[in-house]
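Worksheet for the structure shown next.
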Amino acid sequence: MWRYLAGGVAALLMAGAGVFLFQSGAAPDPLPSAPPPARVQSGTDAAASEELPTIREAPSAPARSREQKRFDRYDKDRDEKITLAELTQPRRKAFAKLDRNGDGKLSFEEWSLRTIEKFDKADADRSGALNRAEFATTAPKRKAKTAPKCDCRPATARAAGDAEDD
């Protein structure tokens, strides 16, 4: 009950502070204007007298939609048409990897070959079944996250070490 009462009092105090600040009319100071662009000084007097052109906006490449990018991935010969062969080419490569005997048909054993090989490798006692310890060996190997290496020597020591390497 006390929490509700304390929360209500805090809410009223915050609302009162907001009203007080709103009525005070104190506007924050406006930001100062940006300084004029600095001129680049060069060694020759003729170049120094010329002003560099002002760039209004950065150049940009034409924006392509996701569908345009997807279309370009499939259109291998860049003729602005996607043939059935172009569309199915990635799938044909994946199928060819699975079709071990090259007969154009995918049997269950060919389809599940990697799983069967993984099972056979994990079944150390050749019992035809995996116990908990054997099954644990089938877990995917994850790469350990390593912290980036830092050269924490002072800058002078790094420069001297780099000079010695050359």
Side-chain angles (χ1 to χ4, degrees), residues 1-15 17-18 28 31 34-35 37-38 40 42 52-166:
M1 180 68 184
W2 286 105
R3 281 189 262 171
Y4 293 118
L5 182 61
V9 170
L12 287 174
L13 286 174
M14 296 280 282
L31 294 175
V40 177
S42 64
L52 297 175
T54 304
I55 298 175
R56 299 274 178 206
E57 60 185 58
S60 63
R64 292 177 26 208
S65 70
R66 288 181 101 179
E67 285 303 309
Q68 288 170 331
K69 291 176 185 177
R70 191 168 76 93
F71 185 91
D72 291 343
R73 272 196 311 270
Y74 284 102
D75 187 19
K76 299 294 183 189
D77 57 4
R78 303 288 181 238
D79 64 348
E80 295 296 317
K81 296 176 189 171
I82 298 176
T83 62
L84 182 59
E86 288 174 327
L87 189 63
T88 58
Q89 185 61 31
R91 290 172 179 86
R92 288 184 189 282
K93 287 181 181 179
F95 182 85
K97 286 180 183 177
L98 294 174
D99 186 20
R100 296 290 176 124
N101 60 5
D103 64 351
K105 297 176 185 174
L106 192 61
S107 67
F108 178 78
E109 286 75 20
E110 289 174 324
W111 176 75
S112 63
L113 184 64
R114 289 176 65 189
T115 304
I116 293 170
E117 288 172 349
K118 192 176 200 179
F119 181 89
D120 288 341
K121 184 178 176 185
D123 189 15
D125 60 2
R126 302 288 176 234
S127 64
L130 300 179
N131 59 28
R132 287 186 181 275
E134 291 171 336
F135 181 73
T137 64
T138 65
K141 306 292 188 255
R142 306 216 190 272
K143 293 182 180 179
K145 292 183 180 178
T146 59
K149 294 184 179 180
C150 177
D151 188 2
C152 298
R153 296 178 293 170
T156 55
R158 278 195 306 264
D162 293 340
E164 290 174 6
D165 291 339
D166 293 336

Quick check: does any side chain N or O of Arg126 sit under 3.5 Å from a backbone N or O of Asp120, one acting as donor and the other as acceptor?
yes
Please enumerate all residues that pass side chain to side chain contact (heavy atoms under 4.5 Å, CB included) together with Tyr4, with sequence neighbours excluded.
none
Quick one: does any side-chain atom of Glu109 pair with a main-chain N or O of Ile116 as donor and acceptor, under 3.5 Å?
no
Return the minimal non-hydrogen interatomic distance between Lys105 and Asp99, and the atom names on each side.
O-OD1, 3.1 Å
Yes or no on side chain to side chain contact (heavy atoms under 4.5 Å, CB included) for Gln89 and Tyr74, after CA distance, side-chain angles and deciding distance?
CA-CA 9 Å; Gln89 185 61 31; Tyr74 284 102; over 6 Å; no
Identify the heavy atoms of Asp75 and Glu80 that sit nearest to each other, and give their distance.
OD2-N, 2.9 Å
Check whether any side-chain heavy atom of Lys121 lies under 4.5 Å from a side-chain heavy atom of Lys118, and answer yes or no.
no
Testing the basics here: between Gly128 and Asp123, what is the closest heavy-atom pair and its distance to 0.1 Å?
N-OD2, 2.8 Å
Does Phe71 CZ have over 12 foreign heavy atoms under 6.0 Å away?
yes
CZ (Arg73) and CD1 (Ile82) are apart, to the nearest 0.5 Å, by 10.0 Å
Side chain of Glu117, backbone of Arg114: donor and acceptor closer than 3.5 Å?
no
Heavy-atom neighbours of Arg91 CZ exceed 12 at 6.0 Å
no
Using 4.0 Å as the upper bound for N to carboxylate O, is an ion pair formed by Glu67 and Arg70?
yes
So how far is it from Glu86 CD to Lys76 NZ, rounded to the nearest 0.5 Å?
8.5 Å
What are the two closest non-hydrogen atoms of Thr137 and Lys141, and how far apart are they?
O-NZ, 3.6 Å
Minimum heavy-atom separation for Leu98 and Glu110, please, with both atom names.
O-CB, 3.5 Å
